[in-house]
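Please read the structure below before turning to the comments.
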Amino acid sequence: MGKKRRAKKLQRKLAAEARKLTLPKVLKLMAKTFVLVFGISVLLALGIAAGLEWLKSLWAQLLVYGAGYFLAYRWLMADFLPPPAEALKKPKK
């Protein structure tokens, strides 16, 4: 088996394994989501307390939560992504 084929096969195997749901992964995702939502809620509360009246609108809050989720998606789903191809290469001795 060639090096490229072996690397592709290993990448497919690691990708399939990374997508599997396990209890530790789900609990970690729940904890990260809680931290994200709590942090955004605190920022919204501070913004409203600082006098930003437009943050009281439901649509503005949904926009802020959506933007926060969009920006943190990579961090939230890191456990479900396969390792990068560069990490699979073995260092030469």
Side-chain angles (χ1 to χ4, degrees):
M1 194 181 307
K3 287 182 182 181
K4 287 185 179 182
R5 187 171 175 202
R6 189 176 308 126
K8 284 184 182 181
K9 185 176 180 181
L10 179 62
Q11 186 69 22
R12 279 195 308 269
K13 180 181 174 186
L14 290 174
E17 189 174 316
R19 286 189 298 266
K20 289 182 184 175
L21 286 178
T22 61
L23 186 61
K25 284 183 182 180
V26 172
L27 292 176
K28 195 171 179 181
L29 177 63
M30 288 172 55
K32 286 180 177 182
T33 304
F34 175 77
V35 167
L36 176 69
V37 171
F38 184 75
I40 292 174
S41 299
V42 168
L43 289 176
L44 281 172
L46 289 174
I48 291 170
L52 299 174
E53 292 296 322
W54 59 273
L55 283 177
K56 290 183 180 179
S57 165
L58 171 70
W59 297 109
Q61 291 179 8
L62 286 176
L63 184 66
V64 170
Y65 279 112
Y69 178 76
F70 179 75
L71 293 173
Y73 181 78
R74 212 62 197 146
W75 173 67
L76 285 172
M77 297 298 174
D79 295 330
F80 297 98
L81 297 174
E86 297 84 34
L88 300 177
K89 293 181 182 175
K90 295 180 183 177
K92 293 182 180 181
K93 294 181 181 180

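Along the sequence shown, the residues carry numbers beginning at 1.
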Only distances under 3.5 Å count here; give the side-chain donor-acceptor pairs of residues 32-51 to other protein atoms, sequence neighbours excluded, each with its distance to 0.1 Å.
| residue | atom | partner | partner atom | Å |
| --- | --- | --- | --- | --- |
| Lys32 | NZ | Trp75 | O | 2.9 |
| Thr33 | OG1 | Leu29 | O | 2.7 |
| Ser41 | OG | Val37 | O | 2.8 |
| Ser41 | OG | Tyr65 | OH | 2.7 |

Side-chain atoms of residues 14-24: list all donor-acceptor pairs with protein atoms under 3.5 Å, sequence neighbours left out, distances to 0.1 Å.
none

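Under the salt bridge (Lys or Arg N to Asp or Glu O under 4.0 Å) criterion, Lys25 pairs with no residue, sequence neighbours left out. Residues meeting the salt bridge (Lys or Arg N to Asp or Glu O under 4.0 Å) test with Lys13, sequence neighbours left out: none.
The environment of Tyr73 atom OH is sparse: at most 12 non-hydrogen atoms of other residues, nucleotides or ligands sit within 6.0 angstrom.
Annotation: salt bridge (charged side-chain N to carboxylate O under 4.0 Å, His left out) contacts involving residues 42-61, sequence neighbours excluded, comprise Glu53-Lys56. For the salt bridge (charged side-chain N to carboxylate O under 4.0 Å, His left out) condition, no pair includes a residue of residues 61-71, sequence neighbours left out.
The hydrophobic cluster containing Leu81 does not contain Val26, counting ILVMFWY residues as joined when their side-chain heavy atoms lie under 4.5 angstrom apart, directly or transitively.
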